[in-house]
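Counting starts at 1 for both ligands and their atoms, following the listed order. Just so it is clear, the model here is predicted, and its values are computed rather than measured.
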Amino acid sequence: MNSGHEIDQRRARRLNLRQDQRGPVIYWMSRDQRFRHNWALLFACHKARLLQQPLEVVFTLASSFLGAPLRHYDFMFKGLAEVERSLRDTGIPLIVLSGEPDVTVPAYAEERRAGLVVSDFSPLTPVRQWKRNAAAALSCAIYEVDAHNIVPVWLASPKQEYAARTIRPRLEALRRSFCTPFPQPEAFCQPGSLNCPPVNWDDLLEMLDVDRSVKPVSGITPGEAAAEDRLRRFLVSVIDRYADERNDPNAEAVSGLSPYLHFGQLSAQQAAFEAARCETSKENREAFIEELFVRRELAENYCLYNEKYDSFDGIPEWAKATLMEHAADQRDYLYTPEEFEAAKTHDPLWNAAQLSLVESGVMHGYMRMYWAKKILEWSQSPAAAFDTALWLNDRYALDGRDPNGYAGVAWSIGGLHDRPWSERPVYGKIRYMNASGCARKFDVNRYIASMTSASQATLF
Ligand code: FO1
């Protein structure tokens with residue numbers, strides 16, 4: 001029974017076979033960049049209390065994380081500055097290490113004679129390589145805690161799942177025992193040595209060698225407090241329209257939480273916990289939980305068990321076969337990645353979706369499907385389309401470089417987690433979407449007008 005002071009040990013797994021030693025506990029924060037509702041931080045606090053050792057948090061700054069431009073580091077640093085303040089108020093230092101994490105973390109642990117290292121979980125290849133190398137180099141124990149999901153991904157399923165319908169029963173069976181309230185970090189933390197000065201985030205941002213042409217966005221306030229505020233506002237005054245209007249880009253009936261979830265500035269478990277208790281219909285609640293819990297963990301499952309998650313080669317065999325059968329079909333329109341990026345296609349609806357991505361860093365979920373499928377329809381080859389969609393999504397979307405994004409592109413273009421539909425040119429049996437289908441669902445002219453005026457507003 002979770003007495004509020006125990007942590008479910010199933011959330012953690014060992015990454016090497018070394019034992020805990022006497023020495024400071026280091027939480028290597030990467031994915032879950034928040035103070036509250038963070039099982040990796042709580043696990044580290046718990047270990048620090050057991051060992052009667054100080055706790056330190058380390059963030060490893062990788063200057064070219066999968067090619068992320070300035071927009072993402074700006075959002076991330078503002079969130080990290082807030083985490084640093086919350087940690088400092090609890091007597092826990094946050095140290096930033098620049099360089100390759102699989103070198104800097106073992107070196108720092110050695111210098112501090114760390115007793116053990118705790119890391120949070122990401123299924124992405126570069127992060128898993130960092131961990132594998134660090135685990136081998138460390139002379140102390142290192143644990144990995146899935147603080148990003150409600151049910152730890154490796155517990156939900158031991159293999160890649162076919163679709164939401166196959167993973168859902170596995171997740172539902174475990175949800176009750178994992179969707180629990182969080183203890184307060186303060187109750188756990190053994191204050192560390194606070195002799196380190198605050199981080200100068202502005203200087204760090206100035207010195208970063210990143211693509212500065214993708215500017216920070218203004219419409220979304222970064223950080224843990226803003227994320228919780230956005231969740232509260234969604235649960236109080238938007239979720240009532242969610243089931244009916246979530247596919248209407250004009251209705252603004254979506255949560256807007258994905259940038260916060262991506263950077264770990266909000267806990268999906270806390271969001272699900274609060275959604276389960278908010279005043280709304282069962283239909284709205286279940287529709288939101290389906291996106292937040294089932295769809296997100298299905299994407300994590302895909303990235304953990306399919307090492308080609310970011311490539312055309314990773315899509316299901318039936319989809320690859322049908323797309324290759326139609327690879328030589330006549331394309332009514334053909335655009336280069338740069339023409340797509342500049343929103344210079346013949347289709348004003350597609351251009352509006354691309355403009356919203358470039359200008360605001362977000363694109364409505366329903367439009368993302370249409371947007372990616374048209375890239376398939378108007379690209380030289382399905383593989384080129386896959387790369388173009390990922391490139392644009394990761395370059396402009398605040399929640400880019402995320403399992404949801406990889407699974408979303410693979411669903412739209414490669415039939416992942418979907419099934420064959422009636423065959424047609426270029427798509428083969430991949431599910432088809434078109435503008436008239438959108439027009440049956442929402443007012444496309446209003447969407448186009450709102451996006452183009454917004455972008456013109458920022459252009460002049
Ligand atoms: N994680 C880090 O540990 N260090 C970084 O410097 C870093 C930069 C970064 C930039 C853009 C972005 O979208 C993610 C970034 N992340 C970084 C990773 C992020 O925290 C998540 O771990 C993954 O994106 C999702 O698994």
Tell me which protein heavy atom sits closest to atom 12 (C) of ligand 1, plus the residue, atom name and distance to 0.1 Å. Arg401 NE, 3.4 Å

Whether Asp120 side chain and His148 backbone form a donor-acceptor pair below 3.5 Å: no

Between the side chains of Glu161 and Asn301, is a donor N or O closer than 3.5 angstrom to an acceptor N or O? no

Heavy-atom contacts with Leu124 under 4.0 Å: which atoms of ligand 1 show up? List them by number with element. 25 (C), 26 (O)

List the closest protein heavy-atom neighbour of atom 25 (C) of ligand 1: residue, atom name, distance to the nearest 0.1 Å. Arg31 NE, 3.3 Å

Parallel, tilted or perpendicular: which fits the ring planes of His72 and Phe263, with parallel below 30° and perpendicular above 60°? tilted

Mode of Asp402 contact toward ligand 1 - side chain, backbone, both, neither (heavy atoms, under 4.0 Å): neither

Looking at Met76, Met29, Arg128, the heavy atom closest to atom 8 (C) of ligand 1 belongs to Met76

Report the part of Trp130 in contact with ligand 1, treating N, CA, C, O as backbone and CB onward as side chain, heavy atoms under 4.0 Å; options are side chain, backbone, both, neither. side chain

Using a 4.0 Å cut-off to any heavy atom of His262, which atoms of ligand 1 qualify? 12 (C), 13 (O), 14 (C), 24 (O)

Do Gln354 and Tyr396 get their side chains close enough for a donor-acceptor pair, meaning under 3.5 Å? no

Near Thr60, which atoms of ligand 1 are under 4.0 Å from a heavy atom of that residue? 2 (C), 3 (O), 4 (N), 5 (C), 6 (O)

What's the spacing between Thr221 OG1 and Tyr260 OH if we round to 0.5 Å? 5.5 Å

Per-atom contacts of ligand 1 with Ala68, taking only distances under 4.0 Å to non-hydrogen atoms: 10 (C), 11 (C)

Show me which atoms of ligand 1 lie under 4.0 Å from any heavy atom of Ser122. 25 (C), 26 (O)

Just need the protein heavy atom nearest to atom 15 (C) of ligand 1, so name the residue and atom and give the distance. Phe65 CD2, 3.3 Å

What class does the angle between the rings of Trp350 and Phe340 fall in, given that below 30° is parallel, 30 to 60° is tilted and above 60° is perpendicular? tilted

Would one find more than 12 heavy atoms of other residues, nucleotides or ligands at under 6.0 Å from atom CD of Gln380? no

Looking at Arg165, I want to see if its CZ is surrounded by more than 12 non-hydrogen atoms of other residues, nucleotides or ligands under 6.0 Å. no

Testing Arg285, Arg168, Arg296 one by one against Glu290 for a side chain to side chain donor-acceptor pair (under 3.5 Å), which residue passes? Arg168

At less than 4.0 angstrom from any non-hydrogen atom of Ala62, what atoms of ligand 1 do you find? 4 (N), 5 (C), 6 (O)

Once you measure the plane-to-plane angle for Tyr302 and Tyr309, does it fall in the parallel (<30°), tilted (30-60°) or perpendicular (>60°) bin? perpendicular

Min heavy-atom dist Gln33 to ligand 1 below 4.0 Å: yes

Give the atoms of ligand 1, by number and element, whose distance to some non-hydrogen atom of Leu61 is under 4.0 Å. 6 (O)

Which segment of Ser30 sits under 4.0 Å of ligand 1 when only heavy atoms are counted: both

